[in-house]
Amino acid sequence: MFDYSPNIFPEYSKIIGPSVSETEQQSYVPQLTIQQVNRSSTGSLGNKKHCCVYCEKLLPNIARHMTRKHKNEIDVGRILAYPKSSKQRRQLWGELVNKGNFSHNFNVLQSGKGTIIPKYRSGKTETKINNLLPCQYCRGMYRRKELWRHQKSCKKTKPTFVTALGPVASGKRLLPPSCGSQEFHDNIISNMKNDDITVAVLSDDCIKEFGISLYNKQGHQKYRHVYISQKMRELGRLLLEARKQGLQSIQDCMKKKSWGSLIISVKNLGQFGSQSNLFGIPSLALKVGHSMKICAEQLLSKALKEGDKSGQDVATIFLDLYKLGWRKEISGRALNTLATNKYNCPKVLPIVEDVMKLNKYLEVKGKGLEGSETAYHEFSQLCLAQIILFNHKRGGETERMTIKQFQDAQVGGNVNPVIMSMLTEFEKTLCKSLLRVEIVGKEGRKVPVLLTKSMQRAIDMLLKMRANEKIEGELLFARPGSAKTPFRGVDCLRNHVKEAGLSNPESITSTSLRKQLATLAQVLNLTDASQDLLATFQGHEIKIHREFHCLPDEILQVAKVSRLLHWVNNGTIGKYKGCDFDDIQFDLNGKSKLCF
């Protein structure tokens with residue numbers, strides 16, 4: 001496994017902290033090195049050593065060696081068939097040499113010791129091993145920043161298919177996995193940014209086990225890969241702050257003697273102000289606290305399985321300290337900061353006229369694109385925006401609708417005649433005209449999406465366009481080409497909002513639309529059962545529905561509570577005993593009257 005310790009990466013020694021004494025550092029020889037230019041006393045260059053793909057020896061004049069020692073090999077014989085100094089011969093020698101060097105470099109990175117053979121040697125001392133990546137075509141090791149330039153002119157025959165990955169991402173996938181399975185390495189680790197945080201993540205076993213646990217739980221959902229990477233990098237940022245306090249790992253942060261240093265690290269990470277007693281980034285402080293608790297629980301589980309008494313004590317004591325002191329030191333202040341930041345913030349909901357105007361705009365634009373079979377890119381985004389606007393759904397949920405989910409909804413099931421008999425004629429007509437599609441929502445909830453007849457026809461036409469464009473994949477709103485992700489719902493809605501010429505376009509977002517639906521529904525005075533039905537349709541719990549999606553407090557306090565203050569100040573409150581706010585009406589002169 002590749003070792004990301006500070007001894008192998010001297011450039012990160014200041015971040016990670018001293019691990020050996022100064023005397024040991026002076027006599028220390030790095031286990032991983034990069035082959036450099038060798039100049040003699042006269043200034044002449046020494047021959048570069050390459051790895052033989054057959055005998056795995058590092059030798060200069062590798063072409064001569066393979067000609068003499070391995071001329072019976074098929075690849076060598078094919079090369080020798082070309083004339084000397086010919087273009088084809090030089091190119092084939094280069095490919096065979098790169099193959100041997102790549103095999104050597106892979107084994108060196110996997111074992112954590114040896115010399116890396118770059119494509120071009122540098123006269124400067126190069127110590128950053130993670131700055132070198134192999135080309136996905138010729139397998140030569142190039143600097144990360146120069147890899148894109150090389151691939152444009154790489155002479156290796158490229159495959160007919162076009163990969164969606166860039167040069168750097170493709171190169172990372174050719175390296176040995178640093179932790180977990182190859183799948184976890186390819187989908188999570190190789191997509192991380194190359195910076196100090198990633199080095200810290202890969203140097204800590206607790207963070208890697210935390211990421212593997214999240215991947216085992218959510219890795220089958222591709223859109224969660226970025227989330228898993230973010231959670232690991234949050235702990236990596238905490239680890240960098242903890243190393244400034246003398247702690248070397250996440251497990252060191254869990255020790256009881258490190259509790260004070262951990263609190264200081266979290267406060268520094270969350271930009272806590274001692275004078276204001278508020279966090280600059282309160283959500284980050286809360287998130288790393290939850291992640292630290294999960295790491296401690298995983299450490300405890302692992303220690304119990306392996307019979308590690310010291311590990312059990314560390315995890316148990318940390319969980320007890322977390323339960324007793326974390327809220328007081330971190331989470332309580334972070335939540336107070338979040339609440340304080342919401343004071344006097346305007347709550348802007350979409351204007352009903354803007355929603356109507358946007359609906360009309362999408363309908364007109366959709367009719368103009370219906371006859372075209374080549375406008376897939378534009379028509380797909382329009383259909384997605386229409387569905388989000390009509391259903392007031394989260395953009396991320398709607399964009400991940402699959403073709404199978406739509407087709408399964410079209411097949412439908414048996415309708416209970418008893419339930420149908422209890423509906424009004426208008427409700428029966430709606431049931432016949434609307435198609436209900438079940439998609440996966442937040443936290444794996446089953447979320448329904450309603451499609452009108454016009455939306456169903458539009459999706460049928462969209463599927464025909466997909467066939468003409470030869471777009472593959474299970475996602476209904478897939479992007480053309482080799483992209484693995486669909487069109488982003490929030491982007492589709494935002495782009496059409498800008499084009500529709502609305503009076504307040506900034507207020508039309510998927511989140512504000514959801515809040516508008518839940519807020520205006522309260523005007524209907526729904527029963528608890530009806531509120532449960534609406535909350536289920538929106539894909540959240542009834543508690544969230546009542547706590548966050550409610551009529552704005554400032555309107556209620558001005559419009560209704562002011563009545564109570566008016567009665568108290570006038571001394572007339574006794575006349576309205578047993579009355580509700582809405583039972584009493586005021587005229588323009590301020591006089592009140594009962595309305596029964």
Side-chain angles (χ1 to χ4, degrees), residues 159-164 221-223 355 357-415 429-441 446-500 508 510 513:
T160 55
F161 65 89
V162 179
T163 176
Q221 299 171 327
K222 294 181 180 179
Y223 69 93
V355 176
K357 188 175 181 180
L358 180 58
N359 254 320
K360 188 66 175 177
Y361 170 80
L362 293 176
E363 290 178 6
V364 173
K365 187 175 180 180
K367 291 179 180 179
L369 295 173
E370 282 184 358
S372 173
E373 295 184 358
T374 59
Y376 171 80
H377 189 279
E378 190 174 1
F379 191 69
S380 178
Q381 296 185 67
L382 185 139
C383 291
L384 180 55
Q386 272 187 317
I387 295 174
I388 295 174
L389 181 63
F390 179 77
N391 288 271
H392 290 55
K393 290 293 182 184
R394 297 184 182 97
E397 295 173 352
T398 312
E399 71 189 29
R400 291 189 291 271
M401 185 187 298
T402 63
I403 299 175
K404 186 177 184 303
Q405 290 170 344
F406 174 71
Q407 293 174 342
D408 290 346
Q410 286 182 313
V411 175
N414 297 326
V415 180
T429 304
L430 289 177
C431 290
K432 293 178 182 178
S433 62
L434 296 176
L435 180 67
R436 181 177 178 272
V437 182
E438 293 178 349
I439 62 176
V440 180
K446 180 175 64 177
V447 178
V449 173
L450 301 181
L451 303 178
T452 62
K453 287 291 186 182
S454 60
M455 292 178 186
Q456 297 173 43
R457 290 193 298 269
I459 292 178
D460 289 335
M461 182 179 176
L462 188 65
L463 295 176
K464 294 179 181 179
M465 290 182 177
R466 285 172 59 99
N468 295 335
E469 296 285 339
K470 297 181 180 180
I471 298 174
E472 299 179 354
E474 61 177 5
L475 296 172
L476 181 59
F477 302 103
R479 288 188 290 168
S482 56
K484 298 181 180 179
T485 55
F487 289 108
R488 296 184 74 238
V490 291
D491 292 341
C492 297
L493 184 62
R494 185 190 305 115
N495 293 336
H496 287 96
V497 165
K498 292 180 180 178
E499 298 171 359
I508 306 290
S510 59
L513 287 171

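Residue indices begin at 1 and follow the sequence shown. Computed from a predicted structure; not experimentally measured.
Aromatic ring pairs are classed by plane angle as parallel below 30°, tilted from 30° to 60° and perpendicular above 60°; the pair H377 and F487 is perpendicular.
Considering only residues two or more places apart in sequence or on other chains, E474 meets the salt bridge (Lys or Arg N to Asp or Glu O under 4.0 Å) condition with none of them. Checked against ring pair (Phe, Tyr, Trp, His ring centres under 6.0 Å), Y361 has no partners two or more places apart in sequence or in another chain. With sequence neighbours left out, the side chain to side chain donor-acceptor pair (under 3.5 Å) criterion links N359 to no other residue. Scanning for salt bridge (Lys or Arg N to Asp or Glu O under 4.0 Å) contacts around E378 gives K365, with sequence neighbours left out.
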Exercise. Would you sort out whether K446 and V440 count as a side-chain contact (heavy atoms from CB on, under 4.5 Å), showing the intermediate values?
Key: CA-CA 5 Å; K446 180 175 64 177; V440 180; over 6 Å; no
Quiz item: Given the rule in the side-chain contact (heavy atoms from CB on, under 4.5 Å) test, do V449 and F390 qualify, once you have shown the distances and angles that lead to the verdict?
Solution: CA-CA 9 Å; V449 173; F390 179 77; over 6 Å; no
Quiz item: Stepwise, does the side-chain contact (heavy atoms from CB on, under 4.5 Å) test hold for F406 with L451?
Solution: CA-CA 10 Å; F406 174 71; L451 303 178; 3.8 Å; yes
Exercise. Report the C-alpha distance between K470 and E472 in whole Å, list the side-chain angles of each, state the deciding distance to 0.1 Å, and finish with yes or no for salt bridge (charged side-chain N to carboxylate O under 4.0 Å, His left out).
Key: CA-CA 6 Å; K470 297 181 180 180; E472 299 179 354; over 6 Å; no
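The two residues R436 and P448 come nearest to each other via the heavy atoms NE-CB, 3.5 Å. Between P480 and I471, the shortest heavy-atom contact is CA-CD1, 4.1 Å. Closest heavy-atom contact between G489 and L384: CA-CD2, 3.7 Å. Summarising the geometry of R466 relative to A478, their closest heavy-atom pair is NH1-CB, 3.5 Å, with the distance given to 0.1 Å. Across V490 and S510, no two heavy atoms sit closer than the pair CG1-OG, 4.0 Å.
Sorted by first and then second residue, the side chain to side chain donor-acceptor pair (under 3.5 Å) pairs with a member in residues 453-462 read T452-S454; sequence neighbours excluded. Applying the ring-ring contact (aromatic ring centres under 6.0 Å, His included) test to residues at least two apart or on different chains, none of the pairs has a partner in residues 453-475.
Looking only at distances, no side-chain donor or acceptor of R488 sits under 3.5 Å from a matching main-chain atom of E399. Side chain of H496 to main chain of C492: a donor-acceptor pair is present (N/O by atom type, distance under 3.5 Å, no hydrogens or angles).
Annotation: the span from I387 atom CD1 to L493 atom CG amounts to 12.0 Å, rounded to 0.5 Å. Separation of atoms NZ (K404) and CG (L475) is listed at 14.0 Å; rounding is to 0.5 Å. Note that CD of E499 and CG of L358 are 10.0 Å apart. Values are rounded to the nearest 0.5 Å. For the atom pair L476 CG and T398 OG1, the distance stands at 11.0 Å (nearest 0.5 Å). Residue N391 holds its CG atom at 11.0 Å from CG of L513, rounded to the nearest 0.5 Å. Rounding to the nearest 0.5 Å places NZ of K367 at 12.5 Å from CG of L362.
Relative to the ring axis of Y223, R400 places its NZ or CZ within 45° and under 6.0 Å from the centre.
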